[in-house]
Structure formats: structure tokens, C-alpha cells
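Have a look at the structure below before the remarks.
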Amino acid sequence: MNYLDKQTLFSSTIKAIDYLQEIECRSVAPSQKALSLLSAFNEPLTSEGKDTLATIEFLHQYGSPSTIASNGGRYFGFVIGGAHTASLAAHWLASAWDQNAGLHATSPINAKIESVTEKWLTEILPVAEGSSVGFVTGVTMANFCALAAARSKILQHLGWDVEANGLYGAPRINVVVGEEVHGSLLKALSMLGLGRDRVIRVPTDENGRMREDALPPLDVRTILCLQAGNVNTGAMDSGLLVAKAKEMGAWVHIDGAFGLWAGASDYKKHLTNGYKLADSWATDGHKWLNVPYDNGLVICRDGNQLRRAMSMNADYLDQTEDRIPYQYTPELSRRARAIDIWATMRTLGKSGIENLVTRTCVFAEFMASKLTAAGFEILNTVETNQVLVSFGNDDETNRVINEIQMSGICWCSGTIWKGRRAMRISISSAKTTEEDIKHSLESILKIARKKIFSGNEILSYSGLF
Ligand SMILES: Cc1ncc(COP(=O)(O)O)c(C=O)c1O
């Protein structure tokens, strides 16, 4: 049997390239016709199997039309960045390598790239120099790992070894979060036995930032969780809170799923002043850095603390002087996802990353200003790359969201902000061009006004940069 089926590999690569080429011309959301084709997958598992090439052709024929074009320039839903060509190509090559990234012994190349990428990340992000980085699936897991390190450190300080003895009978830990904490951080707390309902919630301001004047007294048994980038408003908690909390002896963690990347932009980095003093940070590669799923980063000032919380041993696992990747993450076996980040950072360089972050923030400001000029209400202060717009009452906003999603021209999601229905425009992709912004604005305004839009007032934005 020939395991190297070149025809299938070539064919799937060509199909993938065709898909990427066509993405800007197709509907962002799949049509009803495309969705109806999904019933083709309702087939029984055969005992003799099917031809490999035919399987890939089937997947492309019936699967590709039913994808959401989130890898194109007019997808503004959730916080989804698309995949930069460098990261996608490296991802393909690394998939062919099929490395088990857990050990140096199973993948020296992965261990090397993790070390180099760790250094680059700590240079470009607003984190402490010399921090350790673990390469996880996303920020849900990055929050989990960072909070496990915090739990370990605090309990060690109080004379308790949580890794050995668990939480039964352990001293109490207090967790302080903002009112606007992301649900995934609460989920991480629940998985760690710290409880999602035991947290102390600090009131937030009109844009969702933790109020500095409302910070409760903190101490050495407290974890303070700040947020860089509110998922609705894009608001960034103040770095002044970090210094205050550190003075009181607390462990400070920053959930910066996308907002931490503001520190890589000359235009926005002032929003991250003071963040470097924190103890741990969580961020995603698969959001603003435009790296394929799944790709998250846990960053810890004290690498020993992260390794203590994540480590395990078995006689058959060699210990070496080199980096041992499994000691930084919950998994032993996993894919070599640092390679995707490395390739993106190497290709874009510092200025390419700065441009990506700055440019998407400027697009968000532009969208907000044009929607305001057209008479619609922007519900947030646009601090980074998120815009919340209301089209009047909740029913009317719902109508506009639904029609925009069905139009296929662009895709925006909905949310509730301060009790009001809003449409969220999240601009996170390097693929978004000025043309995409113009085209999307035209269609949003046309749908919102329920009439054909002449376009004159929004065509005058050339020379935005
Ligand atoms: C502030 C914040 N934290 C955590 C998450 C969860 O990240 P992930 O989906 O990578 O687990 C998100 C996702 O949007 C987020 O915005």
C-alpha cells in the first residue's frame, strides 16, 4: 500500500488555495442551498472504506460551501482574525511533520521554536521581560493555566501544597474580578475548584472598565483578574490597578484575549501602561495575530510557578536541559502550534504586527464615525477594535443584524450592552481592506435605512492612512 498519496495531497492543496482565492467573492454566510447540501454527510460508515481522493473531493464539494467566510476581509463577528498566509503555510508543513510537541525528544524543532517564539512574544507584548510562555488551545485554557499557577503560589505561601494535596482543607483564596469578566475566566475558576460564584465582583464604568475607586482591599491570598479588551466594547482595564494590587501583595492576572496586542501598536500601547508589572497574562494567537485555530498563550512572570502547576513526571519521559514543552501546558501530547505563531511573527515583523493592530483600530474608529454621522447611536467608546451600534429600538437592531447576516456581504454579531440590543462590529483581520470597510458600510447603511443608499457620504475616506 502506498501511504504517500501525492494525488490526494496535491488535490486538497489546490482545493484549499481555490477556496482562499474565492473567499472574497462569495457570501460571508452560507446560503440556504449550501446548508441543505450538508445532508449529504448523513451516510453510514462503510466496512470497506472509501477512496481517499474521493473523500477529499466530497468534503470540498459539500463542506466548503457551508463554511462561514471568517477567513476573508468582511467578517466582523465575535473576535475572529482569519489566518495569515505565513501561519497557514507553516501550519500545513507542520501538519505534514506531525510532531508530538510535548517532548524535546519527540520534536527538537518544536522545542527550539517555542523558545524563540517565547522570547519574541515577551519582547513585543506588554509583559515582564523573561516571562515563560505556554502554547495552549485558546484563552480559556490560558486563563486556566495562569490561575493554576496563581493558586499554587498563594497556597505555597500559606504553607499548602495544592499539587500534592488538592483543595480539601486548603486555606481560602479570594478571587476578585470585574463585573464585565469574560465567562471563560469564570469557567477556568470553576475547573480549578475556586468556584465561579465565590468571586468578588468590582463595579465597572460605562465602557466596562474596572472602576479604580471600587477596588476592594487585597492581600497575599488574593488573585485580581483584570481584562485587556472587553469582548463587547474593547475597553482596557487600567494598568494603575496592577501597581495598586501588587502593593497589597495580590497576584495580578490579565485576561488579554485580544486586547493585550494593543501593546504592540504605537497608537494604542498607552492603554497597556503598567501591565508589565502583573504576574500572569493570557492572550490568543487566533484572534488579533491572525494565526489559525487553535492557538492561545499563557504567559507567566515566574516560569517555575507555571511549570510547578503544569508539570508531571514518568520514568519513561527523559528530562533534558533543553525546553520540555509539556511542562508549560496541561497536555502531554499536543500539536506544535508555536510554529504558526513563529511564522506569522517572523513574516510580519514588529512593524507588520504594529500595522495590523493600528489599522484595525483605525477602521473601527472610522466605522463608528460614519455610523454616527448617518444618525445611528454608538453605544461604546471605541478604545480598540470593537464597535457597538444600535439602530434604534431592540427590534429594529435585531432586524438589521439579521438582514446583514443574510446579505452575505459582511457578517456582524449581536449582543446586549447595558440592557440594550446592539450590533457588534469586531475588526480583527489583516485581510480587511479599505474597500471591504467601504463595501460593508454601504450595505449596513442600506439595510439600516431600508432603502438604496447613494453612498456619497462614505466614499470620501481614501487616504485614511
Ligand atoms: C476577554 C476574553 N477572554 C477570554 C476569551 C475566550 O477565548 P478563547 O475563545 O480563545 O478560549 C475571549 C473570547 O472572545 C475574550 O474576549
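Both counts, for ligands and for their atoms, begin at 1 and track the order of listing. No hydrogens, no waters, no symmetry mates; every other heavy atom, side chains included, goes into these values. The structure presented is a predicted model; accordingly, all values stated were derived computationally and were not measured.
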inquiry  = Could you check whether R399 pairs with E396 (Lys NZ or Arg NE/NH1/NH2 to Asp/Glu carboxylate O, under 4.0 Å)?
reply    =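 A salt bridge links R399 with E396.
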key: Sidechain N-carboxylate O distance under 4.0 Å for R421, D395   = no
Tell me: protein heavy atom nearest [atom], and distance?
atom	result
atom 3 (N) of ligand 1	D255 OD2, 2.7 Å
atom 4 (C) of ligand 1	S184 OG, 3.0 Å
atom 16 (O) of ligand 1	V231 CG2, 3.5 Å
atom 5 (C) of ligand 1	H182 CE1, 3.4 Å

inquiry  = If we only consider heavy atoms of G229, is any one of them less than 4.0 Å away from an atom in ligand 1?
reply    =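 A heavy atom of G229 does come that close to ligand 1.
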Proximity flag K287 to ligand 1, non-hydrogen atoms under 4.0 Å =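 Within the 4.0 Å threshold, so yes.
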message = Would you say that more than 12 heavy atoms from the other residues, nucleotides or ligands in this model lie under 6.0 Å from the NZ of K350, or not?
response =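 For K350, atom NZ is not crowded (no more than 12 foreign heavy atoms under 6.0 Å).
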ask   = Taking atom NZ of K15 as the centre, does the number of heavy atoms from other residues, nucleotides or ligands within less than 6.0 Å exceed 12?
value = yes
query = Got an N/O contact under 3.5 Å between Q227 and ligand 1?
reply =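 The answer is no, given that Q227 and ligand 1 share no N or O pair closer than 3.5 Å.
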task = Carefully, step by step, assess T204 and R209 under the rule side chain to side chain contact (heavy atoms under 4.5 Å, CB included).
result = CA-CA 5 Å; T204 49; R209 275 180 304 244; 5.8 Å; no
Element-labelled atoms of ligand 1 that are located less than 4.0 Å from some non-hydrogen atom of D284 =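 Listed by number with element: 7 (O), 8 (P), 10 (O).
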ask   = For ligand 1, which atoms have a heavy atom of H286 less than 4.0 angstrom away?
value = 10 (O)
request  = Using a 4.0 Å heavy-atom cut-off, say whether T140 meets ligand 1 through its side chain, its backbone, both or neither.
outcome  = both
ask   = Any idea which part of V139 is under 4.0 Å from ligand 1, heavy-atom wise: side chain, backbone, both or neither?
value =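 Both parts.
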message = Is a donor from one side chain sitting under 3.5 angstrom from an acceptor on the other, for S426 and Q386?
response =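 The criterion, which ignores hydrogens and geometry beyond distance, is satisfied for Q386 and S426.
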query = Is any side-chain heavy atom of V175 less than 4.5 Å from a side-chain heavy atom of C225?
reply =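 Yes, their side chains come closer than 4.5 Å.
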side-chain contact (heavy atoms from CB on, under 4.5 Å), paired with L260, selected from D255, T272, V139, V127 = V127
